[in-house]
*Asks:* 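First the structure, then my questions, so here it is.
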Amino acid sequence: MEKESGTVISATRSSMQMMRPVTATAATDDQELEGNKTTFLRTAETFLRLLPIGLCVSALVLMLKNSEENDYGSVSYTDLGAFRYLVNANGICAGYSLLSAVLIAVPRPTALRAWTFFFLDQVQTYIILSAGALTIEVVYLAENGDSATLWNSACGSFGQFCHKITASVALTFVALVCYVLLSLISSYKLFSKFDVPASSPADTGTDDHIAPAFHG
């Protein structure tokens with residue numbers, strides 16, 4: 001009986017010793033996978049925050065230097081509010097991209113920081129989208145005119161001016177793609193690590209102690 005008990009105990013110990021390395025290896029693999037995912041997200045986010053700086057500055061410079069004068073008259077980006085709005089939007093985008101890239105380089109995973117980036121990335125995305133969409137509408141009218149209002153095409157007379165506007169809008173929309181991806185990344189980082197703030201009964205205006213009006 002003692003030999004059988006000793007054999008059973010030895011077999012149990014051997015099984016436990018074999019399970020420990022397997023468990024430790026699985027935990028190590030999970031940690032490495034999580035670390036690789038975090039490194040990839042940080043690299044992608046840093047790249048997507050740096051790229052719009054060059055794009056928005058290029059679009060901004062194209063617009064600021066965009067003017068043309070010929071026998072038909074003169075035209076400049078300051079003549080229309082849509083073009084001025086595009087310049088301001090690109091300036092805001094370049095400044096925010098630079099500031100956010102610097103802050104991202106110093107990792108501090110806090111809920112306030114995650115919510116701030118989530119909110120500002122969404123705001124910046126809509127600013128660029130509205131500026132680009134408004135400018136595209138104006139460029140379309142300048143290129144094709146409007147027969148209902150007897151407005152002839154202006155790009156036939158100021159072709160260089162229209163080409164520069166088109167290039168500026170194209171760069172702006174590339175920056176928009178970057179910020180759409182950044183919005184997805186900031187959303188993932190926020191909701192995968194932090195929960196939505198829970199509302200208390202006082203916030204919702206409910207009271208658990210109020211008796212029901214009707215009794216069944």
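Heavy-atom basis, side chains included; hydrogens, waters and symmetry copies ignored. One is the number of the first residue; the rest follow in order along the sequence.
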*Asks:* Does F118 form a ring-ring contact (aromatic ring centres under 6.0 Å, His included) with F191? I'd like the steps, not just the answer.
*Replies:* CA-CA 10 Å; F118 170 75; F191 296 111; 5.6 Å; yes
*Asks:* Indicate the atoms forming the closest heavy-atom contact of F83 with M63, along with that distance.
*Replies:* CD2-CE, 3.6 Å
*Asks:* Are L120 and L103 grouped together when hydrophobic residues (ILVMFWY) are joined by side-chain heavy atoms under 4.5 angstrom apart?
*Replies:* yes
*Asks:* Counting only N and O atoms by type, is there a donor-acceptor contact under 3.5 Å from the side chain of D79 to the main-chain atoms of S76?
*Replies:* yes
*Asks:* Measuring from atom OG of S67 to atom NZ of K164, what distance do you get when rounded to the nearest 0.5 angstrom?
*Replies:* 7.0 Å
*Asks:* Is it possible for you to say whether V180 and F47 belong to one hydrophobic cluster, with membership spreading through side-chain heavy-atom contacts below 4.5 Å?
*Replies:* yes
*Asks:* Give a yes or no on whether V174 and V57 share a hydrophobic cluster (residues Ile, Leu, Val, Met, Phe, Trp, Tyr; joining criterion: side-chain heavy atoms under 4.5 Å apart).
*Replies:* no
*Asks:* Kindly say whether Y179 contributes a backbone atom to a donor-acceptor pair with the side chain of T125 at under 3.5 angstrom?
*Replies:* yes
*Asks:* At their closest point, which heavy atom of S183 faces which heavy atom of S186, and how far apart are they?
*Replies:* O-OG, 3.0 Å
*Asks:* Determine whether the side chains of S130 and Y85 contain a donor N or O and an acceptor N or O closer than 3.5 Å.
*Replies:* yes
*Asks:* Of all heavy-atom pairs between I104 and K189, which one has the smallest distance, and what is that distance?
*Replies:* CD1-NZ, 4.4 Å
*Asks:* Heavy atoms only: give me the nearest I53-A94 pair and the separation to one decimal.
*Replies:* CG1-O, 4.0 Å
*Asks:* Say whether, by atom type as modelled, one donor and one acceptor occur between the side chain of T166 and the main chain of C162 under 3.5 angstrom.
*Replies:* yes
*Asks:* Give the minimum heavy-atom separation between V169 and G132, together with the two atoms involved.
*Replies:* CG1-O, 4.3 Å
*Asks:* Can you tell me how far apart CD1 (I127) and CD1 (I92) are? Round to the nearest 0.5 Å.
*Replies:* 5.0 Å
*Asks:* With side chains defined as the heavy atoms from C-beta onward, is the minimum distance between D121 and Y96 less than 4.5 Å?
*Replies:* yes
*Asks:* Indicate the atoms forming the closest heavy-atom contact of L134 with A82, along with that distance.
*Replies:* CG-CB, 3.8 Å
*Asks:* If I take atom CG from residue L50 and atom CD from residue E45, how far apart are they, to the nearest 0.5 angstrom?
*Replies:* 10.5 Å
*Asks:* Is the shortest heavy-atom distance from the side chain of I185 to the side chain of Y188 under 4.5 Å?
*Replies:* no
*Asks:* Are the side chain of N90 and the backbone N or O of L60 linked by a donor-acceptor pair below 3.5 Å?
*Replies:* no
*Asks:* Donor-acceptor pair, distance only, cut-off 3.5 Å: does the side chain of E68 make one with the backbone of F161?
*Replies:* yes
*Asks:* Just to verify, what does S100 make a side chain to side chain donor-acceptor pair (under 3.5 Å) with, not counting sequence neighbours?
*Replies:* R49
*Asks:* Quick one: OG on S168 to CD1 on I165, what's the gap to the nearest 0.5 Å?
*Replies:* 8.0 Å
*Asks:* In Å and rounded to the nearest 0.5 Å, what is the CG to CG distance from L48 to L182?
*Replies:* 4.5 Å
*Asks:* Could you please spell out the steps behind the side-chain contact (heavy atoms from CB on, under 4.5 Å) verdict for W115 and L112?
*Replies:* CA-CA 5 Å; W115 276 104; L112 178 61; 5.6 Å; no
*Asks:* Would I136 and V75 show up in the same hydrophobic cluster when neighbours are defined by side-chain heavy atoms closer than 4.5 Å?
*Replies:* yes
*Asks:* How many angstroms lie between atom SG of C93 and atom CG of N88, to the nearest 0.5 angstrom?
*Replies:* 12.5 Å
*Asks:* Under a single-linkage definition using a 4.5 Å side-chain heavy-atom cutoff for Ile, Leu, Val, Met, Phe, Trp and Tyr, are V87 and L98 assigned to the same hydrophobic cluster?
*Replies:* no
*Asks:* Is any side-chain heavy atom of L55 closer than 4.5 Å to one of T172?
*Replies:* no
*Asks:* Which residues pass the side chain to side chain donor-acceptor pair (under 3.5 Å) test with S74, sequence neighbours left out?
*Replies:* none
